[in-house]
2 protein chains.
Amino acid sequence: MFASLTIEELKLLNEGRHSVKFNEGEVILKQGTRADYLVSVIEGFAKMYIEGPHNRNLVLDFIKPWKLMGGPGAQVEGKHKYSVVAVQETLICFIDQGKFKKVLAANSDFSGQYLLHCSGKYLATLDRMVNISQKQMHGRVADALIYLSSEIYECPTIGKEISRMDIAEYACMSKDSAIRVLKEFERDQIINLEGRQIELLDTSRLHEISNKG
Amino acid sequence: MFASLTIEELKLLNEGRHSVKFNEGEVILKQGTRADYLVSVIEGFAKMYIEGPHNRNLVLDFIKPWKLMGGPGAQVEGKHKYSVVAVQETLICFIDQGKFKKVLAANSDFSGQYLLHCSGKYLATLDRMVNISQKQMHGRVADALIYLSSEIYECPTIGKEISRMDIAEYACMSKDSAIRVLKEFERDQIINLEGRQIELLDTSRLHEISNKG
DNA sequence: TTTCCCAACTGATTCAGGTCAGCTATTAAG
DNA sequence: CTTAATAGCTGACCTGAATCAGTTGGGAAA
């Protein structure tokens, strides 16, 4: 996405940039705080979630290197709409909002790209909303496993940095229910559980479950 | 939003523009069709919804004059992500996508405005996702009533163009459950039902219910 | 090592909410 | 006017999923 920038524009962004290392469990962005910086993961692994009322969280996304965060919230309300927390030790790059906006205004190719990026996130969110509101547990867990495996890990095994609670908060259910469904999938030979690691054995069956809801 | 355009740019958009009148129940945009046009309601009333699997719909929004639709879907996949249907007789304006994109690229003020518009929709969708996934029926119906009254009708009475089914599909529940909750609210003197019209009597109580979930 | 803590797991119980069947009122069609 | 169709409404019933209470096991601190 940054390919369409000129040298000068990159330089401008670089000036207001700094990197920080976060340890496991540390909060990188806190929902409700002033959004002065865009944030990007350089190394490591993080998750993005909304803290709902009644102390329940909704995991929006898991974040591997080079994903960009913090945009929309900043531009509209000046506050972050969600929190981001490091799942592992993670290296984060902060980009100055003001300078980012300047570059957006100056470079129409870049702003076009960014608009596309935001639209894509919007459409993905609509899909998730339909899934969450119309599928039941098995379908939602299947969705979560497929997403984690194909989009995040890009391999059939989901690593031990993802807890059962994370899956539950991504699939919108209680931790207990998530565990129950995972165990059921294991019994049916669809996945293999080894400690926290989850290995997908039968992805076609998983897709079937996802589609049937 | 169109205020930041020059005369020429408005002229360009006007060239590829045409208006059509739709009758009650007619489909204005159909999910999955090619997104060659942006769409705006000039007069009347429409609703925007996603057709999920299993023939269940999720109402995304009710649309009164001068709301813009069809953007994000078009820009990313070239297909509409949702359907729009006229709730009343409605006058619709079609804007050519290609020309709209040209203007976006040419006018950075305008594209900034549009980005803000899309970000706003994204944030609102996140809010809805949290509400849908974490509140139970009473809270969700309260949300729907508050939204319709304050954002759409801008008065305490929700008109008879909204059916119980519409409310159910907006609040993500079965029609029967929506009816049941509305009747309960009536019994508790929170709203008044007269045929299809819904009059909000006690908005503070409604907000309380919405917050408690 | 022992202790403590927290995540993973499991069975029992409860309840929100979906489904179904039937009834009424209103409107549209014959 | 009669009939059919549809939306609103209601009670009975059933199931999906949350909650709770308790067990197990592994990792960290003392």
Side-chain angles (χ1 to χ4, degrees), chain A residues 23-25 47 52-59 87-88 131-144 158-187 191-199 209 212-213, chain B residues 23-25 47 52-59 87-88 131-144 158-187 191-199 209 212-213:
Chain A
N23 294 318
E24 187 182 324
K47 67 177 172 184
H54 206 75
N55 292 341
R56 289 182 59 193
N57 296 333
L58 170 61
V59 172
V87 173
Q88 306 179 320
N131 287 339
I132 287 171
S133 67
Q134 302 193 354
K135 287 182 186 174
Q136 47 199 46
M137 291 200 301
H138 297 257
R140 300 205 304 271
V141 171
D143 282 336
I158 296 168
K160 62 181 175 0
E161 38 282 333
I162 306 283
S163 70
R164 305 291 187 243
M165 190 69 182
D166 289 333
I167 291 176
E169 291 184 344
Y170 182 87
C172 299
M173 64 186 67
S174 72
K175 188 191 55 171
D176 300 18
S177 292
I179 290 172
R180 212 159 276 145
V181 173
L182 286 173
K183 278 283 162 191
E184 240 174 276
F185 284 173
E186 188 186 32
R187 249 169 263 136
I191 62 174
N192 192 20
L193 298 175
E194 264 186 61
R196 282 183 145 199
Q197 293 214 29
I198 303 170
E199 186 191 352
I209 292 171
K212 275 198 308 189
Chain B
N23 293 318
E24 186 181 327
K47 69 178 172 183
H54 326 299
N55 292 339
R56 290 182 56 193
N57 297 331
L58 171 61
V59 172
V87 174
Q88 307 179 319
N131 287 339
I132 286 170
S133 67
Q134 302 192 354
K135 288 182 185 174
Q136 46 199 47
M137 290 199 302
H138 297 257
R140 300 207 303 274
V141 171
D143 282 337
I158 296 168
K160 63 181 175 0
E161 40 280 336
I162 307 283
S163 71
R164 305 292 135 121
M165 191 68 182
D166 290 332
I167 290 177
E169 291 183 344
Y170 183 88
C172 299
M173 64 186 67
S174 70
K175 188 190 60 171
D176 300 18
S177 291
I179 290 173
R180 212 160 276 144
V181 173
L182 285 172
K183 278 285 163 190
E184 239 174 276
F185 283 174
E186 188 185 32
R187 249 170 263 133
I191 62 175
N192 192 20
L193 298 176
E194 263 184 62
R196 283 183 143 199
Q197 294 215 28
I198 302 171
E199 186 191 352
I209 292 170
K212 274 198 309 192

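Just so we're on the same page: letters track the sequence lines, and every chain starts at 1.
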In short, B:I209 meets B:F185 closest at the heavy-atom pair CD1-CE2, 3.8 Å

Rounded to the nearest 0.5 angstrom, the CD1-CD distance for B:I158 and B:E199 is 10.5 Å

Nearest whole Å is fine: how far is [N] [atom2] from [X] [atom1]?
X: A:E186; N: C:dA8; atom1: CD; atom2: C1'; result: 12 Å
X: B:I179; N: C:dA21; atom1: CD1; atom2: C1'; result: 14 Å
X: B:E24; N: C:dA28; atom1: CD; atom2: P; result: 10 Å
X: B:N55; N: C:dG18; atom1: CG; atom2: P; result: 17 Å
X: B:R196; N: C:dT27; atom1: CZ; atom2: P; result: 11 Å
X: B:M173; N: C:dA16; atom1: CE; atom2: C1'; result: 11 Å
X: A:M137; N: D:dA17; atom1: CE; atom2: P; result: 4 Å
X: B:K175; N: D:dA7; atom1: NZ; atom2: P; result: 7 Å

In short, salt bridge (charged side-chain N to carboxylate O under 4.0 Å, His left out) pairs touching residues 164-174 of chain B with sequence neighbours left out are B:K47-B:D166

query = Is any side-chain heavy atom of B:E184 less than 4.5 Å from a side-chain heavy atom of B:L182?
reply = no

- prompt: Does the side chain of A:K135 come within less than 4.5 Å of A:D143's, by heavy atoms?
  reply: yes

Under 4.0 Å between a Lys/Arg side-chain N and an Asp/Glu carboxylate O for B:E186 and B:K183? yes

Scan nucleotides 11-14 of chain C against the protein and return all N/O pairs shorter than 3.5 Å with their distances rounded to 0.1 Å.
unit_1, atom_1, unit_2, atom_2, d
C:dG11, O6, A:R180, NH2, 2.8

Of the candidates D:dC9, C:dG18, D:dA17, the side chain of B:S177 sits closest to C:dG18

